[in-house]
Amino acid sequence: MTEEKVQPNPFRVLVSELPLESPEEARPEDASATPSVEDTLCSMLDDIIEMIRLLSSSLASGSTEEMDRCELLAKRVHSQERVLTMRLLDPRFKDRLPKDLVRFPYRLERVGDMLENILTCSRLKARDAIPFTEEAHADLDELFSRLIEMMIAFKAAFVSPRADLLESVIGLGASIAEVLAGARAGHWERLWAGFCDPYASSKYLDILDSIKWTNEYVKKLAATLMELVT
């Protein structure tokens, strides 16, 4: 049986801080002062996973506390993206990374943008008491559950890039696309049959669209790593 080859994380080539100008400037206490690029990207992934959990819960409960927590995490994702992109574009670093990897922070931020869109829908749903059908909630529960599974799998594949782990992420993405197609078709049937509030329709479809693009961005991230592994 052939053992799956594990590639080093491509961001691990970057030290935890920008190179100092002279040896005299190096101080031992600075070694852990700035998180590594890899650790910061993992932190972004953790924040995104937690955002999905909070959105899944708050859509059903209308919890203002959960939505506020989600908003704080979204702001942190934006802040982390700016810092990371600046670091990766530093002339002392950027030639040491494949060009496509510079897009990683941006694509994770775009995932955060899509989750913020869902957060907006969640706030409106709670504020205006917009009713979603049981079927709609069931489809969203499944989609959020699969998104969390996909993001956890992607984080594992990011830390230790391996073809089988990345194939699992891409496979989860395909399953999410199937559930999305079914959820969308079911929604239109319910709307036509008069079981769905027309005002709820646009919010529900906005959420499905945001999940669709979240899925697409994560699949692009996985495909980029797959190219490096293979």
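Using a 3.5 Å distance cut-off with no hydrogens or angles, the side chains of Arg110 and Tyr217 do pair a donor with an acceptor. If you check the side chains of Ser36 and Asp39, you find a donor sitting under 3.5 Å from an acceptor. Between the side chains of Glu81 and Thr85, a donor-acceptor pair is found at a separation under 3.5 Å. Between the side chains of Ser57 and Glu66, at least one donor N or O lies within less than 3.5 Å of an accepting N or O.
Remark: Lys125 NZ to Cys121 SG distance equals 11.0 Å, nearest 0.5 Å. The distance from atom NZ of Lys155 to atom SG of Cys42, rounded to the nearest 0.5 Å, is 5.0 Å. Here His78 contributes atom NE2 and Asp47 contributes atom CG; the two are 11.5 Å apart, rounded to the nearest 0.5 Å. The line from CD of Glu50 to CG of Leu115 is 11.5 Å long, rounded to the nearest 0.5 Å. Here CD of Glu71 is found 12.0 Å from CG of Leu54. Values are rounded to the nearest 0.5 Å. Distance CG/Leu59 to CD1/Ile118: 7.5 Å, rounded to 0.5 Å.
Across all non-hydrogen atoms, the minimal contact from Ala136 to Tyr204 is CB-CE1, 3.5 Å. Between Leu165 and Ser160, the shortest heavy-atom distance links the atoms CD1-O, 3.6 Å. Between Ser43 and Gln80, the shortest heavy-atom distance links the atoms OG-NE2, 3.0 Å. Of all the heavy atoms in Pro161 and Val229, the pair that sits closest is CB-CG2, 3.7 Å. Residue Val218 comes nearest to Val111 through the heavy atom pair CG2-CG2, 4.1 Å, listed as atom of the first residue, atom of the second, then distance. The two residues His187 and Cys196 have their closest heavy-atom pair at CE1-SG, 3.6 Å.
Side-chain contact check for Leu41 versus Pro105: some heavy-atom pair is nearer than 4.5 Å. When side chains are defined from C-beta on, Phe132 counts as touching Leu140, because their heavy atoms get closer than 4.5 Å. Ile152 has its side chain within reach of Ile148: a pair of non-hydrogen atoms, C-beta onward, lies under 4.5 Å apart. Taking the side chain as every heavy atom from C-beta outward, Glu38 and Phe158 approach each other to under 4.5 Å. The shortest side-chain heavy-atom distance between Leu89 and Val102 falls under the 4.5 Å cut-off. At a threshold of 4.5 Å between non-hydrogen side-chain atoms, the residues Leu205 and Trp188 count as touching. In this structure the side chain of Ile176 never reaches within 4.5 angstrom of the side chain of Glu216, judged on heavy atoms. Between Leu143 and Leu208 the shortest side-chain heavy-atom distance falls below 4.5 Å.
Electrostatic pairing of Arg162 and Glu167 does not count as a salt bridge here, judged by no charged N lying under 4.0 Å from a carboxylate O. Electrostatic pairing of Arg190 and Asp197 does not count as a salt bridge here, judged by no charged N lying under 4.0 Å from a carboxylate O. Between Lys203 and Asp206 there is no salt bridge, since no side-chain nitrogen of the basic residue lies less than 4.0 Å from a carboxylate oxygen of the acidic one. A salt bridge links Glu142 with Arg146: at least one charged nitrogen is closer than 4.0 Å to a carboxylate oxygen. With respect to Asp139 and Arg184, no salt bridge is recorded, no charged nitrogen being found less than 4.0 Å from a carboxylate O.
Remark: Tyr199 OH is packed, more than 12 non-hydrogen atoms of other residues, nucleotides or ligands lying under 6.0 Å away.
When the side chains of ILVMFWY residues are joined at heavy-atom separations under 4.5 Å, either directly or via intervening members, Leu84 and Leu108 end up in a single hydrophobic cluster. One hydrophobic cluster, built from ILVMFWY side chains closer than 4.5 Å, cannot hold both Val77 and Leu72; they sit in different ones. When the side chains of ILVMFWY residues are joined at heavy-atom separations under 4.5 Å, either directly or via intervening members, Leu124 and Ile211 end up in two distinct hydrophobic clusters. Hydrophobic clustering keeps Phe195 apart from Leu191 (ILVMFWY residues linked when any side-chain heavy atoms are closer than 4.5 Å, directly or through intermediates). Hydrophobic clustering (side-chain heavy atoms under 4.5 Å, transitive across Ile, Leu, Val, Met, Phe, Trp, Tyr) keeps Leu73 apart from Val83.
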- Message: As a quick check of understanding, evaluate side chain to side chain contact (heavy atoms under 4.5 Å, CB included) for Arg123 and Asp68, giving each step before the final call.
- Response: CA-CA 10 Å; Arg123 289 195 186 280; Asp68 289 346; 3.0 Å; yes
- Query: Can Asn117 and Asp209 be said to form a side chain to side chain contact (heavy atoms under 4.5 Å, CB included), step by step?
  - Reply: CA-CA 9 Å; Asn117 291 344; Asp209 284 343; over 6 Å; no
- Task: Carefully, step by step, assess Ile49 and Phe154 under the rule side chain to side chain contact (heavy atoms under 4.5 Å, CB included).
- Result: CA-CA 11 Å; Ile49 291 167; Phe154 178 73; over 6 Å; no
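Looking only at distances, no side-chain donor or acceptor of Lys212 sits under 3.5 Å from a matching main-chain atom of Leu180. A donor-acceptor pair is defined here as one N or O able to donate and one able to accept, closer than 3.5 Å; no such pair exists between the side chain of Ser79 and the backbone of Arg76. At distances below 3.5 Å, not a single donor-acceptor pair connects side-chain atoms of Asp100 with backbone N or O atoms of Thr224.
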